[in-house]
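For reference, the structure discussed in these notes is given below.
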Amino acid sequence: MELDIQCEEMSPSRWAELLTTMKSCKTIRLDDCNLSSSNCEDLSSIINTNPSLTELKLNNNELGDAGVEYLCKGLLMPSCSLQKLWLQNCNLTSASCETLRSVLSAQPSLTELHVGDNRLGTAGVKVLCQGMMNPSCKLQKLQLEYCELTADIVEALNAALQSKPTLKELSLSNNTLGDTAVKQLCRGLVEASCNLELLHLENCGITSDSCRDISTVLSNKSSLMDLSVGDNKIGDSGLALLCQGLMHPNCKIQKLWLWDCDLTSASCKDLSRLISTKETLKEISLIDNNLRDSGMEMLCQALKDPKSKLQELWVRECGLTTACCKVVSSALSTNKHLKVLHMGENKLGDAGVELLCEGLLHPNCNIQSLWLGNCDLTAACCATLATVMTTKQCLTELDLSYNPLEDEGIRKICEALRNPSCNVQQLILYDILWSAEVDDELRALEDSKPEVKIIS
């Protein structure tokens, strides 16, 4: 049994009602519910008395250090079987880390700890690392984004990594680590016995100087499948170094996020070689890089390679225009594996989308999710988009936000949605002006097809 409630103010009577339900829940999720430390005293009792509870998610609540102290009393009880604990953005400080260290040291059932968006600081996380080094700790996932960490944390992290072969996921994004610390972390990861599967280092002050060391991790850790270094200024030279590791036979990367990395079309030669030869690669994000049409053309040539198994391509805000749409269309008509295509915030125009639709309509194309927000589209391309919606039953998600489609365009899209052949389940239409009459039509459509969600 699951309890999943978000963004609900808890009255005393409502809370008392939920406590009765929680006694038999396997999963409890109460994000954004205005909970405080007083609620944690009750939750501690639930943790202690409900041995079936394995997941507790309390993100975005003002629990504070006092609340975590209450929770940990339950977590330290022998009857506790909790495996996943989420405390993101709960107003915690380093004071909570001593209590959490005790839980890590004493509770082998706990495999996931998510404490990002809290001001734990380097001193606090060093205490957590001490708990990780206890032989009883079997932690597999550790999320420390936005924890105000500095370069000084790496020595403690490396010591924990050396002693923790169970650790599979480590997220350190949005901490000011810098190149020297990331190099040190990479050396620790290469030496560690853990089979790390996920490493997130977004917005960590990384430049091209760190990329050779990250590349060494990629070539040595065949377990690493998910790497994110987005929002770091690695540039084309850094990407070239990363690709040395990515192209290594040992590397089994599946998901690669390189958004806002100061890449240009010069990187696309290496990226296209990666896409066309690394059959494990399923998802790549290149959002907010100045790839331009020439770079996109190289990527599309790679997508046409039979060895490419890429399923998701994110190229939002990459300086693309109508000029690249013919080659994108050709790739769509060739590649049977691509499921998700994000091309929003590019100046594709109606003519460009008309070209894309030729590829989308090809029998080989299996796109499920198509994002075309803020692409300078008008009602003129909506008839063709409507044809795609009614013809391609694989298409389940479509984003047309921030385009001046007006009543005429929205009505064409609505007509397609009403068609029994249309399988679109989520239509995203943010910031588009339409009349009250069209608004009524959209609401009526949602009532008649409850499986369709229109987000505006």
For the pair Glu354 and Thr384, evaluate side chain to side chain donor-acceptor pair (under 3.5 Å) and give the outcome as yes or no after the intermediate values.
CA-CA 7 Å; Glu354 293 279 355; Thr384 311; 2.7 Å; yes
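- At distances below 3.5 Å, at least one donor-acceptor pair connects side-chain atoms of Asn175 with backbone N or O atoms of Glu148.
- The main-chain N or O of Asn60 is never found under 3.5 Å from a side-chain atom of Asp31 such that the two would form a donor-acceptor pair.
- For the side-chain contact (heavy atoms from CB on, under 4.5 Å) with Leu104, the qualifying choice from Asn134, Leu110, Leu75 is Leu110, the only one to do so.
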Test Trp314 against Trp371 for ring pair (Phe, Tyr, Trp, His ring centres under 6.0 Å), laying out the working first.
CA-CA 9 Å; Trp314 300 52; Trp371 294 66; 7.2 Å; no
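- Of the options Lys168, Lys57, Lys141, a salt bridge (Lys or Arg N to Asp or Glu O under 4.0 Å) to Glu112 is made by Lys141 and by none of the others.
- With no hydrogens or angles considered, no side-chain donor-acceptor pair links His248 and Asn220 at under 3.5 Å.
- Ionic pairing of Glu279 and Lys307 is not present here: no N-O contact between side-chain nitrogen and carboxylate oxygen is shorter than 4.0 angstrom.
- No side-chain heavy atom of Thr334 sits less than 4.5 Å from a side-chain heavy atom of Leu303.
- Asn250 and Ser222 are not linked by any side-chain donor-acceptor pair at a separation below 3.5 angstrom, with hydrogens and angles left out of the test.
- Side chains of Asp209 and Lys183 form a contact here, defined as non-hydrogen atoms less than 4.5 Å apart.
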Step by step, would you call Gln301 with Val327 a side chain to side chain contact (heavy atoms under 4.5 Å, CB included)?
CA-CA 8 Å; Gln301 289 303 319; Val327 70; 3.8 Å; yes
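- When side chains are defined from C-beta on, Gln6 does not count as touching Arg29, because their heavy atoms never get closer than 4.5 Å.
- Considering all non-hydrogen atoms of both residues, Gly409 and Ala379 come closest at N-CB, 3.5 Å.
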Side chain to side chain contact (heavy atoms under 4.5 Å, CB included) between Asp376 and Leu348: does it pass, once the steps are laid out?
CA-CA 7 Å; Asp376 290 352; Leu348 307 182; over 6 Å; no
Using the side chain to side chain contact (heavy atoms under 4.5 Å, CB included) rule, take Ile413 and Leu429 through it: C-alpha gap first, then chi angles, then the decisive distance, then the call.
CA-CA 11 Å; Ile413 299 300; Leu429 301 172; 5.5 Å; no
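- For the residue pair Leu177 and Ala181, the shortest heavy atom distance occurs at O-CB, 3.3 Å.
- A donor-acceptor pair is defined here as one N or O able to donate and one able to accept, closer than 3.5 Å; no such pair exists between the side chain of Asp117 and the backbone of Asn89.
- Applying the 6.0 Å contact sphere to NZ of Lys26 captures no more than 12 heavy atoms from other residues, nucleotides or ligands.
- Annotation for Gln368: atom CD counts as buried by contact number, over 12 foreign heavy atoms lying within 6.0 Å.
- Here the side chains of Leu355 and Val328 are not in contact, with every heavy-atom distance at 4.5 Å or above.
- Annotation: Lys269, atom NZ; neighbour count of heavy atoms from other residues, nucleotides and ligands within 6.0 Å does not exceed 12.
- Residues Leu224 and Leu199 come closest through the heavy atom pair CD1-N, 3.8 Å.
- Side-chain contact, Asp65 with Ser96: a donor N or O sits under 3.5 Å from an acceptor N or O.
- Proximity of Asp236 to Ser267: side-chain heavy atoms (C-beta onward) are separated by under 4.5 Å at one or more points.
- Around NZ of Lys326, the count of heavy atoms belonging to other residues, nucleotides or ligands within 6.0 Å does not exceed 12.
- Between Leu196 and Val217 there is no side-chain heavy-atom pair separated by less than 4.5 Å.
- With hydrogens and angles ignored, the 3.5 Å screen pairs a side-chain donor or acceptor of Lys252 with a backbone N or O of Pro249.
- Residues Leu299 and Leu291 meet the side-chain proximity criterion, which asks for heavy atoms closer than 4.5 Å.
- The number of heavy-atom neighbours closer than 6.0 Å to CD1 of Ile455, taken from other residues, nucleotides and ligands shown, is above 12.
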Can Glu397 and Gln426 be said to form a side chain to side chain donor-acceptor pair (under 3.5 Å), step by step?
CA-CA 5 Å; Glu397 184 175 39; Gln426 183 157 287; 2.9 Å; yes
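- If you check the side chains of Gln244 and Ser215, you find no donor sitting under 3.5 Å from an acceptor.
- Contact annotation: the side chain of Met247 approaches that of Leu274 to within less than 4.5 Å [non-hydrogen atoms, C-beta and beyond].
- Judged purely by atom type and a 3.5 angstrom limit, Lys453 has no side-chain atom pairing as donor or acceptor with the backbone of Ile428.
- Considering Glu145, Gln143, His114 in turn, Glu145 is the only one that fulfils the side chain to side chain donor-acceptor pair (under 3.5 Å) rule with Ser171.
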